[in-house]
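One structure below.
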Amino acid sequence: MKKLILFVAAMVSAFSLSAAPKTKTYKVTSPDGKIEVAVSVGENITYTVSNKGEVMLAPSAISMNFEDGTVWGNAPKLKAKAIKSCKQNIAAPTSARAKELQLNYNELELAGSKYGVMFRVFDNGVAYRFYTNDKKMNGIVVDEVAEFNFEGDPKAFLPYSVSEGKPFDTSCEPQYTVVDKLSDFNPKKMAIMPTLVDLGSKGKMILMQSDVENYANMQLVYDAAKKGLTGKLARYPKTFTKCGVRCKQYVNETETYAAKVSGARTFPWRVMGIANEDRELPMNNLVYMLASPNRIGDTSWIKYGKSAWDWWNNWKISGVDFKAGINTETYKYYIDFAAKYGLEYIILDEGWTPSENGNILVSRPEIDLPAIVNYGKEKGVGVIIWVVGKVIDNQLEEACKLHSEMGVAGYKVDFIDRNDQEAVQMIYRIAEATAKYKLVVDFHGIYQPTGLSRTYPNVINYEGVFGLEQLKWSNPNMPLYDVTMPFIRMVPGPVDYTQGAMRNCAHGVFREIYSAPMSQGTRSHQVGTYVVFDSPFVMLCDTPSHYELEPGCTEFIAKMTTNPDETKVLDGKVGEYIVTARREGETWTVGGITSWTARTVKVDMSFLGEGTYNVEMMIDGPNANRVGEDYKIVKKQVTAKDTIEVYMARGGGFAMVITK
């Protein structure tokens, strides 16, 4: 039930445009009173954020700077202010954490004649955005001043853009560089949002963005003078080059500005999630809740689930009487496998269409797409097809109509690899058109989520993550990343990490082999990620031939929920371990993973209701520290009063299925 209470709506005197206008400060607190934002308006607009009486953000300036010299935030003329409260439940069909979320905040709005700014304060964070009601506005945004000036010199987890020289042209798949002092930020690099800052006893703050529509994305640099982070907007593209292999579009030259804007509109939310305990971070829903509401209406046709996937395992099928590869027979085999284990989808990844000609209306000769789709229908398995972002954008209406009428379930849209305004517009066009034709979308080669799944719930997953594909060509510390990413990248939205490897390597054994990939850590670690990672649409990345050799493990993966009614992070510490529980109906799944440090965790079962429950557990076997594939299945009964101790080997994990 929505409650909207207007506490204050007062006209206030306009400020002088003199060099030193009088400064006034306006305050707003979170519903629980623990977080306070103080906004000072004078020569410019600054804000301060405190948590439980301690300053987290020192005075930080905000403004929008236009090409004609106009600066929103420079000696502003304030016409009115208002404070209001909002408390309501909102549908969240693709939040990956629950089917309904509670929106609860206090808002301070400061309005001028041409523009305004609003601050919203939640029990777990703060957000602000600019807006204008000027229908005649027509301008070019050069950049924003978006400062995040921290008290002291805190620790930070920095996801640097890995694109040398063009930090905004990126697939947003970095690892984390941990600096004990923010001042150690590499001055030659930019960090991608979300970025996590650790202020010790004051709590942690994660910097994100939401509702980035028809605008440029923001990244972060270090400002040595202010001893904080400041935002930088992606530059507007000027000229392009095209890759011949995939017809992917590359930015060749950029303009000196960031975005073209016109008419009455809002601008993106700058979001600061706040957590007093690490386990609160993965449950921060601010990005989703701040995004524009559902624009497509009915969502009952949208189907979440698990998918058999071809590309990671190189189409390596054995024990069959046909030549495996990118052909109709192979995909019918994938469909048979998916149907056998109750998987909702298969994917036809790169290669089903001649990608070099930029035409996704035709298939290669070895692929009979209508026959594959019809076979999937007979077996109850949907078919997702891979496309390049620019290619589908060029044929958007025609392709969506053709594939929808054919019965294709949706698209995996890849290789956007940009953060600029034109790329954002492309993504919204694709989301809108696919929704019109009832097609789901899994975005790859894309920036981290900014709430698009709330606006277009047919967008069921995003990459923008250093996922398992990286192990085909590199040898990173993947277990460390796996227990860091859920506290940072996963906070704004779900991840298409593409887990499920059946070749699992203990510490020191792994090798990168592109055509025969494997994972780091144990088998139970892989299965545990199906619970820990938010993924309404999730892969089984290995070959069906490997899964068929171990049906017990495969059946266990098939039981993991992708559409929970409720999610709880039971325990965890950034960079060390995490334990998560999800409920769908009356069934709970619990999963945990650890870094290369072995540990025992205690799983408090008090989240269960009354009565006795059956628990089926997949845990690391006694030799898992040496043999990554070693696991065992344990069954027991528990009540809400019980605590289960679980040992996780180095790079290990566990998963539970709990039924009443």
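Without hydrogens or angle criteria, Ser210 side chain to Trp269 main chain gives no donor-acceptor distance under 3.5 Å. In this structure, the side chain of Arg454 engages the main chain of Met289 through a donor-acceptor pair within 3.5 Å. The backbone N or O of Phe66 lies less than 3.5 Å from no partner atom in the side chain of Thr70, so there is not a single donor-acceptor pair. Ser307 places no side-chain N or O within donor-acceptor distance of the main-chain N or O of Met539, the cut-off being under 3.5 Å. Checked by atom type and distance alone, the side chain of Thr450 never pairs as donor or acceptor with a backbone atom of Asp211 at under 3.5 Å.
A 4.5 Å side-chain heavy-atom check between Glu36 and Lys27 finds at least one atom pair inside the cut-off. Between Val532 and Pro486 the shortest side-chain heavy-atom distance falls below 4.5 Å. Looking at heavy atoms from C-beta onward, Lys114 lies out of side-chain contact with Met137 at the 4.5 angstrom threshold. Side-chain contact between Val413 and Ile430 is present, with heavy atoms from C-beta onward closer than 4.5 Å. When side chains are defined from C-beta on, Ile302 does not count as touching Pro93, because their heavy atoms never get closer than 4.5 Å. Taking the side chain as every heavy atom from C-beta outward, Ile416 and Gln249 never approach each other to under 4.5 Å.
With 3.5 Å as the limit, one finds a donor-acceptor pair spanning the side chains of Glu109 and Tyr131. Looking only at atom types and distance, the side chain of Thr132 has no donor-acceptor partner in the side chain of Asp134 under 3.5 Å away. At a cut-off of 3.5 Å, with distance as the only test, no side-chain donor of Glu584 or Asn563 sits close to an acceptor on the other residue. For the residue pair Arg295 and Thr455, no side-chain donor N or O sits within less than 3.5 Å of a side-chain acceptor on the partner. When only modelled atom types and interatomic distance are considered, Asn106 and Ser85 share a side-chain donor-acceptor pair under 3.5 Å. With 3.5 Å as the limit, one finds a donor-acceptor pair spanning the side chains of Arg97 and Asn285. No hydrogens or angles considered: a donor-acceptor pair under 3.5 Å links the side chains of Ser40 and Thr25. Arg489 and Gln448 form no side-chain donor-acceptor contact under 3.5 Å, judged by distance and modelled atom types alone.
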Decide yes or no on side-chain contact (heavy atoms from CB on, under 4.5 Å) for Met272 and Ile206, but give the supporting numbers first.
CA-CA 6 Å; Met272 291 143 276; Ile206 185 165; over 6 Å; no
Check against ring pair (Phe, Tyr, Trp, His ring centres under 6.0 Å), Tyr257 and Tyr236:
CA-CA 6 Å; Tyr257 55 83; Tyr236 195 88; 5.6 Å; yes
Working note: Tyr26 + Ile83, criterion side-chain contact (heavy atoms from CB on, under 4.5 Å); need CA distance, chi angles, decisive distance, verdict.
CA-CA 10 Å; Tyr26 307 89; Ile83 296 178; over 6 Å; no
Test side-chain contact (heavy atoms from CB on, under 4.5 Å) applied to Val271 and Leu207, step by step
CA-CA 6 Å; Val271 185; Leu207 305 178; over 6 Å; no
Run Asn276 and Asn51 through side-chain hydrogen bond (donor to acceptor under 3.5 Å, both in side chains) and show every step you take.
CA-CA 9 Å; Asn276 297 307; Asn51 180 31; 2.8 Å; yes
Would you check, one step at a time, whether the test side-chain hydrogen bond (donor to acceptor under 3.5 Å, both in side chains) holds for Asn65 with Glu144?
CA-CA 6 Å; Asn65 306 324; Glu144 290 184 38; over 6 Å; no
Is there a side-chain contact (heavy atoms from CB on, under 4.5 Å) between Asn217 and Leu233? Walk through the geometry before answering.
CA-CA 6 Å; Asn217 276 273; Leu233 296 176; over 6 Å; no
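Of all heavy-atom pairs between Ile45 and Pro76, the closest is CG1-CG, 3.9 Å. Ala435 and Tyr456 make their closest contact through CB-CD2, 4.4 Å (heavy atoms, listed as atom of the first residue, atom of the second, distance). The minimum heavy-atom distance between Glu107 and Met118, with the atom names listed, is OE1-SD, 3.7 Å. Of all heavy-atom pairs spanning Thr562 and Val538, the tightest one is CG2-CG1, 3.8 Å. Minimum interatomic distance between Asn149 and Pro59 (heavy atoms only, all atoms of both residues): ND2-O, 3.0 Å. Smallest separation of non-hydrogen atoms from Leu196 and Phe487: CD2-O, 4.4 Å.
Remark: Asn214 pairs with Gln421, Gln425 by the side-chain hydrogen bond (donor to acceptor under 3.5 Å, both in side chains) rule, at least two apart or across chains. Residues forming a salt bridge (Lys or Arg N to Asp or Glu O under 4.0 Å) with Lys436 (at least two apart in sequence, or on another chain): Glu397. In this structure Lys260 satisfies the salt bridge (Lys or Arg N to Asp or Glu O under 4.0 Å) test with no other residue, sequence neighbours excluded. With sequence neighbours excluded, no residue forms a salt bridge (Lys or Arg N to Asp or Glu O under 4.0 Å) with Glu463. Residues passing the side-chain hydrogen bond (donor to acceptor under 3.5 Å, both in side chains) test with Glu173 are Ser171, Gln470, sequence neighbours excluded. Listed by chain and residue number, Leu158, Pro159, Ala191, Leu220, Leu229 satisfy the side-chain contact (heavy atoms from CB on, under 4.5 Å) test with Thr195 (two or more places apart in sequence, or in another chain). Asp417 is linked by a salt bridge (Lys or Arg N to Asp or Glu O under 4.0 Å) to Lys248, counting only residues two or more places apart in sequence or in another chain. Scored by the ring pair (Phe, Tyr, Trp, His ring centres under 6.0 Å) test, Tyr462 finds no partners at all (sequence neighbours excluded). Residues satisfying the side-chain contact (heavy atoms from CB on, under 4.5 Å) criterion with Arg279, sequence neighbours excluded, are Glu277, Val569. By the side-chain contact (heavy atoms from CB on, under 4.5 Å) test, Ala98 pairs with Leu101, sequence neighbours left out. In this structure, the side-chain contact (heavy atoms from CB on, under 4.5 Å) partners of Asn138, at least two apart in sequence or on a different chain, are Ser262.
Taking the six-membered ring for Trp and thresholds of 30 and 60 degrees, His403 and Tyr411 have ring planes more than 60 degrees apart, a perpendicular arrangement. Taking the six-membered ring where tryptophan is involved, the planes of Trp72 and Phe130 are tilted, since the angle between them lies from 30° to 60°. The aromatic rings of Tyr47 and Phe119 are tilted relative to each other, their planes meeting at an angle between 30° and 60°.
Both tests hold for Arg265 against Phe267: distance to the six-membered ring centre under 6.0 Å, angle to the ring axis within 45°.
Within 6.0 Å of NZ in Lys568 there are 12 or fewer heavy atoms belonging to other residues, nucleotides or ligands.
For the atom pair CG (Asp143) and CD (Glu67), the distance works out to 12.5 Å, reported to the nearest 0.5 Å.
Legend: salt bridge (charged side-chain N to carboxylate O under 4.0 Å, His left out) pairs involving residues 418-428, not counting sequence neighbours, sorted by first then second residue: Arg418-Asp420.
Taking the centre of each ring, Tyr105 and Phe122 come in below the 6.0 Å mark.
With Glu566 as the fixed residue, the salt bridge (Lys or Arg N to Asp or Glu O under 4.0 Å) test singles out one of Lys99, Arg583, Arg582: Arg583.
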